Amino acid sequence: MSTELMTKIKGIKAFTVFDSRGYPTIEARVLLDNGKSGSAIVPSGASTGKLEALELRDGRGNYFGGKSVENAIHNIDDIITPALVGMSVTDQAAIDTRMIALDGTVNKSKLGANAILAVSMACAQAAARDQDVPLFRMLSQKNHFEIPIPEIQIIGGGAHSAGSIDVQDFMIICYGASTLMEVYEMTFNIYQAAGRILQQQGRLVGVADEGGFWPRFNTNEEGLQILVQAMKNAGYKPGEDVGISLDLAAAEYHRDGKYAFNIEERLLDPSEYYEVIASWLNNYPICSVEDPFAEDDVESWKKLTDEFGGKVQIIGDDLFVTNKERLLRGVEGKWANSVLIKLNQIGSVSETLDCIDAALEHNFQPVVSARSGETEDSFIAHLAVGTHAGQFKVGSWTRSERMVKWNELLRIQEYLKVQNLEYSLSKFRWKKV
Ligand code: PGA
Ligand code: ZN
């Protein structure tokens, strides 16, 4: 395309907005020379992996508890914007490469991954506006789309409920459903049923960071029992209509080479802990486990994948941190069979797309995911559909920062219907038969 025909970036505005925990984060708006624009907001994690790109926070005394992001915003104003003005907005790879070079560190610690990602996402949105198509359509030119199968949280623990239980997410995957609306109906029923059980038993504290129930349990296994009961009370067959998906976020309770189930006052060495996880996989209708081990306990990852990888989805989140190079090491070493995809772990749209492509190429299942600190931005719904990733995890079935993503899938479906484009609900690969 000749340079006269390219739509160029004219300016970038960045400012502070607040996420679902009320913490400061960055919204960026990219303005184009034809008057169009695109904007995006970056999310923020709580149970972050050691190898994630750096989220730049000011640490300025008590000002917003040290969590303000003004330095990152200054980096957008003073360093990123002058370098990007005049570039073609459609060349996402060139835009991201430019910002990565300006930063010059391995973990984006100079400019901040939050600064780079806000601009990167806003550029993608602006490019879609420029082409007058929704973002997912810009990301894929295929004519058949897969609506990613949701993984939806029912009970929230770990760092998202002040350690009320050690396991972070007790979720469901409604693999017996054939449409998205059926998934949502099953989720509605199971969420309500779980709430009733917890309330009747006096074990409901409130809702955790991602909208799942904040429980009062004596053991982690109680979460599995409640989930099975809730599925049955709602009229579904556990293991046939719906499976349990766990995110253990195990690095959060991994200390000095051991795993501490704090609520049970048990300190387990890796082999004892492995047996606990294996017994759960054998005794409950669990179809997916994420971060069952800390990221440096690679031996346990390999053992679990070898023993259970043929029948259970094993997802690396903190293990891979959406980093293509790390993922390829995991593919080679058979550490897992799936990878969680979070834009802000790596810090740019292009690198995220590269990681998803590498996963698909090597038959690893990519699961596009939100963070525990989320916003009204629904970019990731488009990312999940547009990349044909097949799975989507954004928290529970309450709170608008979660529902905006579930609802966006419905909007995308409506668009596909109107455009006469084919679509179907993605199949879950590890459904037990
Ligand atoms: P985080 O939690 O956003 O707090 O890291 C989500 C997850 O672990 O998947
Ligand atoms: Zn996780």
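Just so you know, these numbers use all the heavy atoms, side chains as well, and skip hydrogens, waters and symmetry mates. Atoms within each ligand, like the ligands themselves, are counted from 1 in listed order. Being a predicted model, the structure only gives us computed values, none of them experimental.
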Quick one: does any side-chain atom of [X] pair with a main-chain N or O of [Y] as donor and acceptor, under 3.5 Å?
X: N220; Y: D166; answer: yes
X: W301; Y: A294; answer: yes
X: E210; Y: G156; answer: no

Is [X] close to ligand 1, meaning an N/O of one under 3.5 Å from an N/O of the other?
X: S372; result: yes
X: K342; result: yes
X: L340; result: no
X: S369; result: no

Could you list which atoms of ligand 1 come closer than 4.0 Å to a heavy atom of [X]?
X: Q168; answer: 2 (O), 6 (C), 7 (C), 8 (O)
X: G45; answer: 1 (P), 3 (O), 4 (O)
X: D317; answer: 7 (C), 8 (O), 9 (O)
X: E290; answer: 9 (O)
X: D247; answer: 7 (C), 8 (O), 9 (O)

Looking at Q199, Q201, Q200, which hits side-chain hydrogen bond (donor to acceptor under 3.5 Å, both in side chains) with R203?
Q201

Are N363 and R429 close enough that some pair of their side-chain heavy atoms sits under 4.5 Å apart?
yes

Any side-chain heavy atom of I149 within less than 4.5 Å of one from F392?
no

Closer than 2.8 Å to the Zn ion (ligand 2), which protein N, O or S atoms?
D247 OD2, E290 OE2, D317 OD2

Heavy-atom pairs closer than 4.0 Å: do any link ligand 1 to the side chain of D169, the backbone, both, or neither?
neither

Looking only at protein heavy atoms, what sits closest to atom 9 (O) of ligand 1 is K393 NZ, 2.7 Å

Looking only at protein heavy atoms, which one is nearest to atom 5 (O) of ligand 1, and what is the separation?
R371 NH2, 2.7 Å

Within a reach of under 6.0 Å around CZ of R329, are more than 12 heavy atoms found that belong to other residues, nucleotides or ligands?
no

Lys/Arg-Asp/Glu bridge criterion (N-O < 4.0 Å) met for R266, E272:
no

Does this structure show an ion pair linking D209 with R21, if we count only N-O contacts that are shorter than 4.0 Å?
yes

Out of curiosity, is S47 lining ligand 1, as in a heavy atom under 4.0 Å away?
yes

Is there a side-chain contact (heavy atoms from CB on, under 4.5 Å) between I152 and W406? Walk through the geometry before answering.
CA-CA 10 Å; I152 307 186; W406 302 131; 3.5 Å; yes

Taking the six-membered ring for Trp, are H144 and Y423 ring centroids under 6.0 Å apart?
no

Do K303 and Y274 form a cation-pi contact, if we require the NZ or CZ to be under 6.0 Å from the six-membered ring centre and within 45 degrees of the ring's axis?
yes

Looking at Q153, H160, R21, the heavy atom closest to atom 2 (O) of ligand 1 belongs to H160

In a check of salt bridge (Lys or Arg N to Asp or Glu O under 4.0 Å) between E52 and each of R326, K108, R371, K342, which one passes?
R371

